[in-house]
Novice: 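Here you go, one structure.
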2 protein chains.
Amino acid sequence: MLSAKMEDYVKTVYELQRGSDGAVSTSAVAERLGVTAPTATSMLETLAERGLVEREKYKGARLTREGETVAIEVIRHHRLLETYLAEQLGYDWTEVHDEADRLEHHISEEFEERVAEKLGEPEVDPHGDPIPTETLDPVDERRGEALSEHGEGDTVVVERVRDRDPEELSYLSEEGITPGTRLVVEEVAPIDMFTVRLPDGETVSLPASVAEVIRVSDPDAAENGEPDGVMG
Amino acid sequence: MLSAKMEDYVKTVYELQRGSDGAVSTSAVAERLGVTAPTATSMLETLAERGLVEREKYKGARLTREGETVAIEVIRHHRLLETYLAEQLGYDWTEVHDEADRLEHHISEEFEERVAEKLGEPEVDPHGDPIPTETLDPVDERRGEALSEHGEGDTVVVERVRDRDPEELSYLSEEGITPGTRLVVEEVAPIDMFTVRLPDGETVSLPASVAEVIRVSDPDAAENGEPDGVMG
DNA sequence: TTTTTAATTTAGATGAGTCTAAACAATCGC
DNA sequence: GCGATTGTTTAGACTCATCTAAATTAAAAA
């Protein structure tokens, strides 16, 4: 059995790998988990012994197949729980993260299955993030481009809002920026400040760091984009 | 913050106190939690330092007021979770225990409240055990007498079936003994073997140790027994 | 290329929760 | 009432996840 701590490290490596491809640095893991670098080093060593990551000294770590499987399972738990908390228990989607972060390590497979069934096998969580099954298709995980990649005049639809900081999420939610919202990029200031217009005409300004967190898609693109022509 | 382990010890002391009044022995705690006696000694010492139990060397431990508050909170979590798993997620009442035992230490107050609300502030869990609010009335906690206290010819109604061993629970459930079942005590053999007759005419034999676990009441007694005449 | 800086790892310590073996206290049987 | 049995505590060690301080390596600057 894997400890909750280990699951957290594996999940973190997974998320950082997705962010910027390649190997993940010790300090990135440490920072993300709020521990010191030596702690991360030693945990990553343990993970390597268990065959969950591959490491080269001073270079960084990347998940093995097995590690990826674990990460995906944890992320599935997390996103199912978020969905459940929001849909069944009336949580606001901006406040589900912490609860899910704790519970994800303690629910059984039985629980996972029953929740998934009760929710009708959902494919995305309240943030718009895909809920993996056995294999989380990396393409799917990367779905949407960062809002920060867009320029003035672009019209986009919010696909996902990453759930890092609850305050950030709350703010965006209050301003009306949630999955499904249509945005027009009004202005991209040279200080990396984005101004977008909402359907109701209101405008919101965001620093690039926040615009990074908002993943959007072309409003004309097929919602459930089968990559290439398997007709349905 | 109290660790999950500590919560487990406090809960265990509470449950053992309820069983047989007075101080709780180190070995009883150890056995219940599947640890060795020295481990229990040292944990109970820690609990005493934190003011959750009172101890006299070689005598045993009893909860302080504060310890009792903690125990009741944990038990509330446990029983709410059991109820939730059974009612909302379709678990059988014989299999809710383990899941609740893990999750009880990791849910927030927010979660507790939302679950309670969703369930309509239930007063008993699927085993028939009362779900405490802030204060678990000890009288209520002791509601029902042990089936083993009854003699031949007595007719009783099952109030609660304690959730110690899932196998035991499964067995009783299959035989038709669940909260609400009416039983007639057919025979009390001198080997401490109880035979009861169910409403459908079937009879079931049980050792006294199991009959202990089944709490029953007089079928004529008021269901929601207001102790003394507050008319409704 | 050499030096400086930044990141990473090693070394050693700590606290929590557990264990085994041994010492000690309480109780039970005669 | 005293020895034998049982239960409890002490002593000492171990693992896990963490820390700080120091050493080492890699990368960036000069």
Novice: Thinking salt bridges, do B:Glu95 and A:Arg114 make one under a 4.0 Å N-O criterion?
Specialist: yes

Novice: For A:Leu44 and D:dA17, give me the distance from atom CG to atom P, rounded to whole Å.
Specialist: 12 Å

Novice: Within the structure shown, what part of the strands sits under 4.0 Å from B:Ser42 by heavy-atom distance: base, sugar-phosphate, or nothing?
Specialist: base

Novice: How is A:Thr36 classified with respect to the nucleic acid when contacts are heavy atoms under 4.0 Å: base, sugar-phosphate, or nothing?
Specialist: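 Base contact.
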
Novice: Counting just side-chain N and O atoms, does B:Arg55 come under 4.0 Å of either OP1 or OP2 of D:dT8?
Specialist: no

Novice: In terms of ring plane angle, is the pair A:Phe111 and A:Tyr84 parallel, tilted or perpendicular, where the classes change at 30° and 60°?
Specialist: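 It falls in the perpendicular class, over 60°.
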
Novice: Which nucleotide in the list D:dT9, C:dT18, D:dT18 gets nearest to the side chain of B:Val35?
Specialist: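 Between D:dT9, C:dT18, D:dT18, the one nearest the side chain of B:Val35 would be C:dT18.
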
Novice: Give the rounded distance in Å between these two atoms: CG of B:Leu47 and P of C:dG17.
Specialist: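 Result: 10 Å.
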
Novice: Please work out if B:Lys57 contacts a base, only the sugar-phosphate, or nothing of the nucleic acid, heavy-atom cut-off 4.0 Å.
Specialist: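 Sugar-phosphate contact only - B:Lys57 comes under 4.0 Å of backbone atoms but never of a base.
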
Novice: Could you tell me how far apart A:Leu2 (CG) and D:dA17 (C1') are, to the nearest whole angstrom?
Specialist: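 Going from CG in A:Leu2 over to C1' in D:dA17 covers 14 Å.
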
Novice: Would you check, one step at a time, whether the test salt bridge (Lys or Arg N to Asp or Glu O under 4.0 Å) holds for B:Arg18 with B:Glu68?
Specialist: CA-CA 11 Å; B:Arg18 288 283 145 252; B:Glu68 199 169 70; 3.8 Å; yes

Novice: Check every atom of D:dT10, C:dT10, D:dA17 against the side chain of B:Glu45 and return the nucleotide holding the closest atom.
Specialist: D:dT10

Novice: Do A:Asp8 and A:His105 have a side chain donor and acceptor closer than 3.5 Å?
Specialist: yes

Novice: Rounded off to whole Å, could you give me the CE-to-P distance for the A:Met43 and C:dT8 pair?
Specialist: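 The answer, rounded to whole Å, is 18 Å.
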
Novice: For A:Met6 and for A:Tyr58, find the nucleotide of DNA chain D with the closest heavy atom, then tell me which residue's nucleotide is more 5'.
Specialist: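 Between the two, 5'-proximity favours A:Met6.
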
Novice: Calculate the interatomic distance between B:Leu33 atom CG and C:dC19 atom C1'; express it in whole Å.
Specialist: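 Whole-Å distance recorded here is 16 Å.
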
Novice: Which nucleotide wins on minimum distance to the side chain of B:Thr39, given the candidates C:dT8, C:dT18, D:dT10?
Specialist: C:dT18

Novice: Strictly below 4.0 Å: does B:Ser27 bring a side-chain N or O up to OP1 or OP2 of D:dT8?
Specialist: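 For D:dT8, OP1 or OP2 has a side-chain N or O of B:Ser27 closer than 4.0 Å.
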
Novice: Want to settle it: does A:Tyr9 or A:Lys59 sit nearer the 5' end of DNA chain D, counting the closest nucleotide to each?
Specialist: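 Its nucleotide being nearer the 5' end, the pick is A:Tyr9.
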
Novice: Without decimals, in angstroms, what is the distance between B:Met1 CE and C:dA16 C1'?
Specialist: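 Those two atoms, CE and C1', are 17 Å apart.
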
Novice: With a 3.5 Å distance limit and no angle check, can you tell me whether B:Glu99 reaches the backbone of A:Ser108 through a side-chain donor-acceptor pair?
Specialist: yes

Novice: Could you give the NE2-to-P distance, from A:His105 to D:dA17, as a whole number of Å?
Specialist: 13 Å

Novice: Can you check the A:Asp8 CG to D:dC16 P distance for me, whole Å?
Specialist: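 Whole-Å distance recorded here is 18 Å.
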
Novice: For the side chain of A:Pro38, starting at C-beta, report the closest nucleotide among D:dT8, C:dT18, D:dC19.
Specialist: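 Nearest to the side-chain atoms of A:Pro38, counting from C-beta on, is D:dC19.
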
Novice: For the CD atom on B:Glu31, are there more than 12 heavy atoms of other groups (residues, nucleotides or ligands in this structure) within a distance under 6.0 Å?
Specialist: no

Novice: Using only side-chain N and O atoms of A:Thr41, determine if any of them is under 4.0 Å from OP1 or OP2 of C:dT10.
Specialist: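 Result: no.
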
Novice: Would you say A:Ser3 places a side-chain N or O within less than 4.0 Å of OP1 or OP2 belonging to D:dC16?
Specialist: no

